[in-house]
J.: 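Take this structure, written in structure tokens, and hold onto it; I'll ask about it next.
Numbering of ligands and ligand atoms starts at 1, following listing order. No experiment lies behind these values; they were computed from the predicted model shown. Residue indices begin at 1 and follow the sequence shown.
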Amino acid sequence: MRMRLIAVVGAGWTGSVAGRLLAEAGFSVEVLEKTGVVGGHSRAETMNGVVYEPNGAHIFHTSNAAVNSFVNAHGLTRPYDHKVLTEVYLSPDDDDRESRLLSWPPQVSELRELPIWPSVERELASLPPQPAGDNFEDYVVSMMGRTLYDLFIKDYTVKQWGRPATELSTRFAPKRVELRHDGHRGLFRDRWQYFPPNGVNEVIESVLSAVAVTLHSEITVDDADDLAQSYDAVIITAALDDFARRPGELEWRGVEMVSRYRPTDDLRGVLTPAYVTNRPSARVPHTRTVETKHATGQQIGGTVVSEEMPGVPRRHYPVLTADGANERRNAELADEIAACFDIPVYFAGRLATYRYINQDEAIADAMAVAERVAADLAG
Ligand SMILES: Cc1cc2nc3c(=O)[nH]c(=O)nc-3n(C[C@H](O)[C@H](O)[C@H](O)COP(=O)(O)OP(=O)(O)OC[C@H]3O[C@@H](n4cnc5c(N)ncnc54)[C@H](O)[C@@H]3O)c2cc1C
């Protein structure tokens, strides 16, 4: 039987893993990537030799055993325990020297030590047994009370999403927001957590080592006929408004990491309190600072500190509004794109499926789509 040919659009985690698995299953795969590098959003770079993350902090964490075995096989094995700090001002009159560094998620054991604890305690005592609400603000207030919401969440959310939390969906709240009673300090509770010493690039390059990759190859719906002539199926991991050449059809929030190299006194020197420090206050425009050197443990003179500035026109975060309108539009775009092709089209990953997913979920998505493609083409 003739070898089946598959095109994969995008060389982030999703496209790379799907491409690798289909190549291992005996298909001929070509991954088509619009930029000059692989790794997509998770990619790390260096500035004066210091590893940093131009697209934001990326900590790999998973409880999915299949995903864990897969990344282990490609060299992602260096354990890391991610802890985040938040800088808060307990009173609007506090000056900048009076800010406090508290754990994120907020820890009841730390909050008990604060002067605001009596009012926080009263609010916690009157919360419902389970958080509930029709929008993000109501849900989170019902989880931690108004005082903690105002301190940790309110302004951060407005900065991040460019709209009040009352307009946002509750759907991502359970995954992103928590009040800790058990003293667990790590951000994640997953079974496995890693940070590779040079960022994930080498891992993704290992995944792609058995796959043909063409860089500087931007594919859009205009290429549908050409792809149908050369391939038996196509997997799209690109954002669908971009792929369909209809910018503005989907709503996205983007961040820009404003990254600066700074000298340090010694090889282990760092300049911020943690790898990720949340800055929820409206006093600063950024939402967090990221200093990847905390996680890499790199021994090098100098460091790179990045300020995460929200609200730039890039496709980073899907905007999940309370009415679900954007997700419905994404599903319609998928149908419209698929109708332009004479070959089967599959959509996978964070951008194409318009979901707020982590790297391990993107890999799980890739595994699922590879299995589906293999089964469909075998039939
Ligand atoms: C600020 C931020 C922080 C994050 N932090 C974490 C974290 O700590 N831990 C975690 O697990 N996850 C994190 N994530 C999520 C993580 O980035 C994603 O889950 C993962 O990168 C998704 O991979 P992907 O392949 O689906 O998409 P991407 O990585 O976006 O890859 C898509 C690829 O397709 C290419 N492409 C796009 N359009 C086209 C086209 N038309 N033609 C050809 N190529 C195209 C792009 O150049 C890119 O290489 C974070 C995300 C953000 C936004």
J.: Any chance the side chains of Thr237 and Arg350 put a donor and an acceptor closer than 3.5 Å?
T.: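 On atom types as modelled, these side chains do not qualify, holding no pair under 3.5 Å.
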
J.: Residues two or more places apart in sequence or in another chain: which of them pass salt bridge (Lys or Arg N to Asp or Glu O under 4.0 Å) with Glu30?
T.: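 For Glu30, no residue satisfies salt bridge (Lys or Arg N to Asp or Glu O under 4.0 Å) once neighbours in sequence are set aside.
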
J.: Taking the six-membered ring of Tyr346 as reference, does the cationic atom of Arg372 (NZ for Lys, CZ for Arg) lie under 6.0 Å from its centre and within 45° of its axis?
T.: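 No - Arg372 does not lie over the ring of Tyr346 by the 6.0 Å and 45° rule.
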
J.: Under the side chain to side chain contact (heavy atoms under 4.5 Å, CB included) test, which residues partner Gln229, sequence neighbours left out?
T.: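 If we apply the side chain to side chain contact (heavy atoms under 4.5 Å, CB included) test to Gln229, skipping adjacent residues, there are no hits.
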
J.: Is a side-chain donor-acceptor pair under 3.5 Å present for Trp192 with Asn72?
T.: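 There is no such pair (donor and acceptor under 3.5 Å, judged by atom type) between the side chains of Asn72 and Trp192.
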
J.: Taking any residue with a non-hydrogen atom under 4.0 angstrom from an atom of ligand 1, which ones do you get?
T.: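 Contacts of ligand 1 under 4.0 Å: Val9, Gly10, Ala11, Gly12, Trp13, Thr14, Leu32, Glu33, Lys34, Thr35, Gly40, His41, Ser42, Asn55, Ala57, His58, Ile59, Ser217, Glu218, Ile219, Thr237, Ala238, His316, Tyr317, Gly349, Arg350, Leu351, Ile357, Asn358, Gln359, Ala362.
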
J.: Quick one: ring pair (Phe, Tyr, Trp, His ring centres under 6.0 Å) partners of Trp161, sequence neighbours excluded?
T.: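 Result, ring pair (Phe, Tyr, Trp, His ring centres under 6.0 Å) vs Trp161: Phe172, Tyr317.
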
